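For clarity, every value in this text was computed on a predicted model and none was experimentally measured. In what follows, residues are counted from 1 in the order of the sequence shown.
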Amino acid sequence: MDERPDNSQQLMDILLVMDKEEKTIQAVSGVQDGKLQTKNPLEDNNDLLRVDRHGDIFSNFFSNLWSQLKDPTRFHFFRVPEEDVQRVAADFQQTVQNPTPEGQARMAQYEVQPPRQAQQQSREQAQPTAGQQQQTDAPQQQPQPQQQPQYKYDVDKIDWEAAASIGIKREQLEQNGMLDQMLKGFQTDKTVRVYFNLGSLSHSNDSQLSLRENTDGKLVICSHGILDLDKMQKQFFGYELSQKDMDAVKLSGNIGHPVEVTNRAGEKIPSLISRNLKTNELVSFPLDKVRIPAEKNGHTFTPDEVAKLKRGEAVVCQFQTKVKEGQKPKTYLAPVQFSAAKMQLELLFGERGKLAMDGHREMQRQTANQEVPKTFRKQELTEKSQLELSGGGTVKVSGLVDKRGKAYHGYITWQPGQKYPAFMFPKDYKTALEEGRVKPAVENEVQVAVNSQGKTNESTKSLKEALQSAQTQPTGEQKQRQDRKEQQKEDKKQEQRQEQKQDKPKQRKGVRR
């Protein structure tokens, strides 16, 4: 259990490099066999070289790095604050691809001059007049022996004898890259077997390692053993975890809101708490040290998103995949959240990502637009249609066009809380009507009333057949048939009257007497 107060207070710089041949901006992670090792600065990783912003060792470190490169003139280097590295790197990449005077001026502000060039400029600035005789060039800088890149911690301050007593060997840490991560101020992502022998008690477990500086300046190796998640502590540096907190940190790895923890000096520090996903150890990070980049993987964070991320909340963003030559980047939705354990933003995938996405969708449902939609698939809805939808009615929409340019129509319904109306094709609408799951559309009210409810409509009461969709009047053919029937009825009545007249006996005239 380690709250890591010293990690958050250390302000570090990242070394960016521009490859003049490849025209790319990358972050420096080291030098191997004279070749520069780089990483994508727009991705989160712990393998970048970090230099103390206020330290005085940078010049020696950079001179050493420069002397190790086989082709140093191929590169331009830039020293950038760690919290701004993604924003600055994206801006530099844009300038490299589309150079502008303003962009080049911004790059110049961060550029680190090669050691010999800086020395030459210092000599020129020291000259009182432009015509003064040039001084003898300083002797050429002798290549310095290769040394480890400068880190947050000094490797010589580690008590390796004490480390060996618990099974930790320097050679092993160097070979698997763990020592590099520890010297940079991070907890290792790999584990080693650690042995403890306390006289009558011995214990061994797999642990991640980190370094912490004591008050006497000596470095202590901290062991972070794998803990039982079901037995996670309910108190953490003076903060009492609620059941909701416990559930959140178990499922998502983050509590998701600020809390107050008490550091070793007894100070209450507003912080975020996360779980180390490998060891299940709780880790806190001071709230005022949380840094959110302006951009990540093609997504520019809005002020509202930045505020939520600083509060420890998960935010769903639309990111872009890496750009491949000849292809356009693809977009994808993914949640991102600040991890106190990693001290940076992390993308959430798997079950953690699904949990965040479910919460995002639920929030959308709760905060969905309560106003009736005014359009549907680019079709304007009339005020009458909007009124029908607001009352839970059904509205017919025509003139819709699919991706192939084919026209179609259908029916829509809407309920408060829904962002978009629900659409039904005519066949589905007919089934929903028959099952009573939707109200009939205005144009279908007469049809449903007559066919299903046994009511009578004056205009169509003579029709013996069922009314069709949206029918309120007889069709032309039905009208003709109806007229013919009426005429036939009238003709038949005339015939009957004629027959009755012909069959009536004539009265005989009597003789007057």
Side-chain angles (χ1 to χ4, degrees), residues 4 26-27 29 39-48 82-83 85-87 89-90 177-178 181 186-191 206 208 224 226-230 232 244-257 272-285 290-302 304-324 327-365:
R4 280 193 213 176
Q26 293 288 296
S29 60
K39 297 282 186 179
N40 186 348
L42 301 183
E43 295 181 352
D44 296 329
N45 57 71
N46 294 340
D47 298 327
L48 304 182
E82 182 177 8
E83 61 268 23
V85 67
Q86 293 185 330
R87 175 184 62 80
M178 294 174 66
Q181 293 177 332
F186 291 98
Q187 187 168 310
T188 62
D189 54 7
K190 299 177 182 178
T191 61
D206 293 327
Q208 293 180 337
H224 307 270
I226 299 176
L227 306 176
D228 188 344
L229 183 60
D230 294 330
M232 187 173 59
K244 185 177 180 181
D245 291 336
M246 299 281 287
D247 293 340
V249 80
K250 285 182 180 180
L251 294 173
S252 70
N254 303 292
I255 285 185
H257 63 86
L272 298 178
I273 295 179
S274 300
R275 174 172 61 88
N276 183 312
L277 299 182
K278 291 189 176 181
T279 66
N280 296 323
E281 179 184 33
L282 295 184
V283 182
S284 68
F285 192 88
V290 174
R291 298 290 182 265
I292 306 299
E295 186 269 350
K296 180 179 176 64
N297 295 2
H299 176 83
T300 300
F301 293 109
T302 65
D304 181 60
E305 289 172 338
V306 171
K308 288 181 178 179
L309 290 171
K310 285 187 174 181
R311 294 195 299 267
E313 300 177 23
V315 172
V316 176
C317 305
Q318 185 165 296
F319 297 110
Q320 292 182 349
T321 58
K322 294 181 180 179
V323 180
K324 296 182 180 179
Q327 298 181 0
K328 293 183 178 180
K330 297 181 180 179
T331 60
Y332 62 96
L333 282 177
V336 65
Q337 193 169 18
F338 188 88
S339 169
K342 294 184 177 180
M343 298 185 289
Q344 61 187 5
L345 289 181
E346 64 170 344
L347 291 171
L348 306 180
F349 295 106
E351 287 300 319
R352 299 170 67 212
K354 181 179 181 300
L355 183 68
M357 289 296 294
D358 290 344
H360 171 70
R361 296 189 183 99
E362 179 62 27
M363 184 64 68
Q364 278 190 323
R365 283 192 289 268

Rounded to the nearest 0.5 Å, how far apart are [atom1] of [X] and [atom2] of [Y]?
{"X": "Lys278", "Y": "His224", "atom1": "NZ", "atom2": "NE2", "answer": "13.5 Å"}
{"X": "Leu272", "Y": "Lys310", "atom1": "CG", "atom2": "NZ", "answer": "11.5 Å"}
{"X": "Arg352", "Y": "Asn254", "atom1": "CZ", "atom2": "CG", "answer": "6.0 Å"}
{"X": "Leu227", "Y": "Leu282", "atom1": "CG", "atom2": "CG", "answer": "8.5 Å"}
{"X": "Thr300", "Y": "Gln318", "atom1": "OG1", "atom2": "CD", "answer": "11.5 Å"}
{"X": "Leu345", "Y": "Gln337", "atom1": "CG", "atom2": "CD", "answer": "9.5 Å"}

_Would His299 and Glu305 count as a side-chain contact (heavy atoms from CB on, under 4.5 Å) here? Give the steps._
CA-CA 11 Å; His299 176 83; Glu305 289 172 338; 3.0 Å; yes
Please report the closest heavy-atom contact between [X] and [Y], naming both atoms and the distance.
{"X": "Glu346", "Y": "Ser339", "result": "OE2-CB, 3.4 Å"}
{"X": "Val315", "Y": "Lys308", "result": "CG2-CB, 3.8 Å"}
{"X": "Asn40", "Y": "Gln26", "result": "N-OE1, 3.5 Å"}
{"X": "Ala356", "Y": "Pro335", "result": "CB-CB, 3.6 Å"}
{"X": "Ser274", "Y": "Ala341", "result": "CB-N, 3.7 Å"}

Just to verify, what does [X] make a salt bridge (charged side-chain N to carboxylate O under 4.0 Å, His left out) with, not counting sequence neighbours?
{"X": "Lys354", "answer": "Asp358"}
{"X": "Glu313", "answer": "Arg311"}
{"X": "Asp230", "answer": "none"}

*Aromatic plane relationship, Phe319 with Phe301 - under 30° parallel, 30 to 60° tilted, over 60° perpendicular*: perpendicular
*Go through the steps for Leu347 and Asn297 under the test side-chain contact (heavy atoms from CB on, under 4.5 Å), then give the verdict.*
CA-CA 10 Å; Leu347 291 171; Asn297 295 2; 3.8 Å; yes
*Passing candidate, side chain to side chain contact (heavy atoms under 4.5 Å, CB included) with Arg275, options Val283, Leu229, Leu251*: Leu229
*Hey, is the main chain of Asp206 close enough, under 3.5 Å, to the side chain of Thr191 for a donor-acceptor pair?*
no
